[in-house]
Each structure stands twice: as structure tokens, then as C-alpha cells.
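Owing to the predicted nature of the structure, the values given are computational and were not obtained by experimental measurement. Quick note on labels: first sequence line is chain A, next is B, and so on, each numbered from 1.
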There are 2 protein chains.
Amino acid sequence: MNYEEAKNRFISTWGSLGTLWGINKAMAQIHALLLISPEPLSMEDIMEELHISRGNTSMNLRQLMDWGIVFKENKIGERKEYFTSEKNVQELARQIAKERSRRELQPTIKILNDVSNIDDDGSSKTKELIKQTKALHEMAETLDIMMNKVVGQGNNWITKALVKLVK
Amino acid sequence: MNYEEAKNRFISTWGSLGTLWGINKAMAQIHALLLISPEPLSMEDIMEELHISRGNTSMNLRQLMDWGIVFKENKIGERKEYFTSEKNVQELARQIAKERSRRELQPTIKILNDVSNIDDDGSSKTKELIKQTKALHEMAETLDIMMNKVVGQGNNWITKALVKLVK
DNA sequence: TCAAACTTTCAAAAATTATTGAAAATTAAA
DNA sequence: TTTAATTTTCAATAATTTTTGAAAGTTTGA
């Protein structure tokens with residue numbers, strides 16, 4: 001496998017994987033491209049490399065910046081904007097975990113809490129609803145802690161210790 | 001909030017959340033319904049409760065069974081099939097983690113490994129590709145271990161210890 | 001100020017994914 | 001067997017999501 005093949009393989013894998021951490025194909029592919037590019041890329045560069053339209057590129061770059069994993073960069077004397085990705089994969093994971101927690105987990109926790117606190121009228125279906133949503137609530141909170149603390153903290157000793165412990 | 005409201009709130013939340021752990025709305029809603037139902041439900045019950053078609057119900061139940069989180073149950077003297085969900089949320093998490101590892105993470109790890117092992121021709125772009133895919137590979141393996149061992153193992157002492165440690 | 005370089009927006013089109021419903025298949029009782 | 005109950009399949013349709021591209025907007029330098 002040569003460079004071009006490997007690059008394309010990586011970009012398309014990352015792209016299809018994207019859907020599964022909650023971002024669309026183009027967005028994930030742009031991210032993949034920036035991640036392995038030694039130099040910042042312009043919008044033109046990205047459009048050309050991935051064969052996607054200007055609008056698509058613009059919108060998805062914005063979203064990546066909202067996620068905090070892609071940054072604008074300006075080259076002096078150039079009008080064009082250039083983009084880079086967060087290159088440190090630990091920091092990348094931290095940022096993604098943080099955002100997913102904020103966007104998905106926390107709202108869910110809130111609702112699970114509300115639902116699990118309805119009045120117990122003594123019926124078996126109410127009891128079951130309360131029991132299960134309470135259990136999910138607890139699990140979601142544990143997950144939230146793990147995402148924010150374990151993956152999160154700059155200190156990654158916990159993860160290391162854990163992997164050693166368990167491997 | 002009364003029972004009906006709480007139930008609907010839970011089902012629709014779980015439904016929209018579904019997309020984000022990789023399953024579609026109907027599938028997640030069926031799962032939610034079974035999770036809080038004290039009794040096994042028939043296909044008719046599910047169709048009626050969620051207002052979805054027979055075909056849709058049938059297909060999504062099958063997928064839930066493929067995931068190993070919903071089971072068929074037969075009532076004696078009845079022709080109809082009934083369905084229940086795995087009710088233990090720890091076990092549910094374990095099963096989901098296991099399946100996601102198998103379906104998504106492991107194939108990705110394989111590709112990251114292939115890509116990161118191309119020949120280094122000395123160019124900066126090849127170096128960067130190798131460096132970044134190696135880092136992702138390592139991270140993906142750590143994640144895989146965590147999903148299968150930490151969430152996975154019946155013994156949940158690790159998780160408990162961890163939460164205590166870090167909370 | 002104007003004009004050129006560049007980016008963003010957004011309605012329309014395309015692509016993808018989910019859902020329906022009726023016909024075919026299966027199952028089990030008579 | 002035959003028949004009735006039930007489930008599965010799958011082509012057609014609907015709903016949703018993504019992408020395009022051109023017009024509108026913005027920024028900068030002359």
C-alpha cells in the first residue's frame with residue numbers, strides 16, 4: 001500500500017466512522033484530511049482533495065470549529081483562511097468526550113432524572129418505569145464522570161494505570 | 001408528570017438518543033418500551049403502542065435480538081410470540097459495548113494498523129500519516145480494552161473503584 | 001469609496017435511510 | 001393434509017439528511 005492508497009483508505013474509513021460518533025461523512029473526512037496534513041489547508045485545498053462543494057466545505061468546517069477540534073489559521077500576507085486540526089489525539093479525545101457529554105449525555109441525564117421522579121402510584125408499570133429510569137440515570141452519571149474525568153483530565157495516569165491493571 | 005407523560009417522554013428520548021449509539025429511532029423506541037414494560041409484549045402490542053407498521057416492528061425486533069438485548073419469549077398455550085428486553089442495565093451496557101467493539105472498533109483498529117504500517121518514504125506527509133494513524137491505533141486499542149474489560153466484566157469493582165477515585 | 005478575493009447562506013436537488021403494507025412464507029393446531 | 005394465525009420479506013413510498021451552487025455577504029487593500 002502506497003501513500004495515496006493509505007491516505008484514501010484512512011480518510012474514507014474515518015468518514016464512515018464519523019456517522020457513528022455523531023457527525024456526517026463530509027465533516028469526518030475533512031477532519032481526517034486535516035489530521036494527517038502536515039500543513040494547514042485552505043478551503044480550495046479541501047474541496048479539491050475531497051471533491052466536495054464550497055458550501056459543504058464551509059458549513060462542515062464551521063461545525064468542526066464548533067466542536068473545538070479544528071482551528072482557523074492565517075498566513076501572513078495571504079487573504080485566504082487556512083485550517084488545521086487538533087493533532088494531539090489525547091486532546092482530540094478529550095474534546096470529543098467533553099462535547100458529547102455536553103450535547104447528549106447531560107440532556108439525557110436531566111430527562112432520566114425527571115422521569116424517574118414521578119409519583120409512585122403503586123402500579124407495577126409505574127414501579128418498573130421508575131426502577132429502570134433510575135438505573136439508567138445512575139449509569140449515565142457514571143459514564144459522564146468517566147468521559148469528563150478519565151478521558152478528560154490532562155493527567156492521563158488514570159487511563160494508563162487502568163489499562164495496565166486490566167490488560 | 002403522570003405515568004403516561006413520563007413513559008412517552010422516556011420512549012421518545014431514548015428514541016432520539018438511539019441514532020447516537022448507532023441504531024434507528026424505531027429500534028430504540030421498541031427497546032425503550034420493552035425496557036420499562038413489566039410484562040413481555042407481543043408484536044401487536046408494540047405496533048399499537050408506538051404506531052408503527054408490522055413490517056417495521058418485525059425487522060427492528062430482529063435487529064434488537066441480533067444485538068443480544070431483546071429476547072423472544074413464548075407463553076404456553078399461545079401461538080403469538082412475546083418479547084422482553086434485557087432488564088439489567090449493567091448487562092445491557094456490557095452487551096452494547098461488546099457489540100460496538102465487534103462491529104465498529106475492531107474493524108477500525110485493523111485498518112488503522114494497516115495504514116500505519118506503510119513504508120516510510122521519508123516525506124513529511126508520509127511521516128505525518130504514519131504518526132497520526134499510529135496514535136489513533138493505540139488510542140482505539142485502549143478504548144477497546146476499556147469497553148470490553150471495564151464495562152464488560154461481570155465484576156464491576158473496577159468501575160466502582162474508579163468512580164470513587166475520581167468523583 | 002470601490003472592486004477583487006474570499007466566505008457564508010440557503011433554497012433546491014440528490015442521496016440516503018426508514019417505513020409501509022400486502023403478498024409470501026412459516027408454524028402449529030385441527 | 002388443510003386451514004387459520006402469525007411472522008417475514010421486500011418493492012414502493014415517504015421522510016430525513018446531505019450536498020450543491022449561485023447569490024448575498026464580508027473583508028481588505030488600493
Rounding to a whole Å, what distance do you find between [X]:[atom1] and [N]:[atom2]?
X: A:Q29; N: D:dT18; atom1: CD; atom2: P; answer: 13 Å
X: B:Q63; N: C:dT17; atom1: CD; atom2: C1'; answer: 12 Å
X: A:I52; N: C:dT8; atom1: CD1; atom2: C1'; answer: 15 Å
X: A:N74; N: D:dT28; atom1: CG; atom2: C1'; answer: 12 Å
X: A:N24; N: C:dT16; atom1: CG; atom2: P; answer: 13 Å
X: B:L41; N: D:dT7; atom1: CG; atom2: P; answer: 13 Å
X: A:E44; N: C:dT8; atom1: CD; atom2: P; answer: 13 Å
X: A:L61; N: D:dT19; atom1: CG; atom2: P; answer: 13 Å

Proximity to the side chain of [X] - top-ranked nucleotide from [options]:
X: B:K80; options: C:dC6, D:dT20, D:dT7; answer: D:dT7
X: A:S53; options: C:dT8, D:dT20, D:dT7; answer: D:dT20
X: A:A26; options: C:dT7, D:dC10, D:dT19; answer: D:dT19
X: A:M43; options: D:dT8, C:dT8, C:dT19; answer: C:dT8

Identify which one of A:K131, A:K127, A:K125 satisfies the salt bridge (charged side-chain N to carboxylate O under 4.0 Å, His left out) criterion when paired with A:D120.
->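 Testing A:D120 for a salt bridge (charged side-chain N to carboxylate O under 4.0 Å, His left out) against A:K131, A:K127, A:K125 leaves exactly one candidate, A:K127.
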[Y] side chain reached by [X] side chain, heavy atoms, under 4.5 Å:
X: B:M147; Y: B:L105; value: yes
X: A:S101; Y: A:Q106; value: yes
X: A:M65; Y: A:F83; value: yes

Where each residue is assigned the nucleotide of DNA chain D containing its nearest heavy atom, which of A:G55 and A:R79 is assigned the position nearer the 5′ end?
-> A:G55
Which residue lies more 5' along DNA chain D, comparing B:F83 with B:K25 via nearest heavy atoms | B:F83
Name the residue closer to the 5' end of DNA chain C, choosing between B:M27 and A:E81 according to the nucleotide with the nearest heavy atom.
->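 Here A:E81 is the residue nearer the 5' end.
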Do you reckon A:M59 sits in the same ILVMFWY cluster as A:L64, going by side-chain contacts under 4.5 Å, direct or chained?
->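 Different hydrophobic clusters.
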Scan A:N56 against the nucleic acid and name what it touches under 4.0 Å (heavy atoms): base, sugar-phosphate only, or nothing.
->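 Touches a base.
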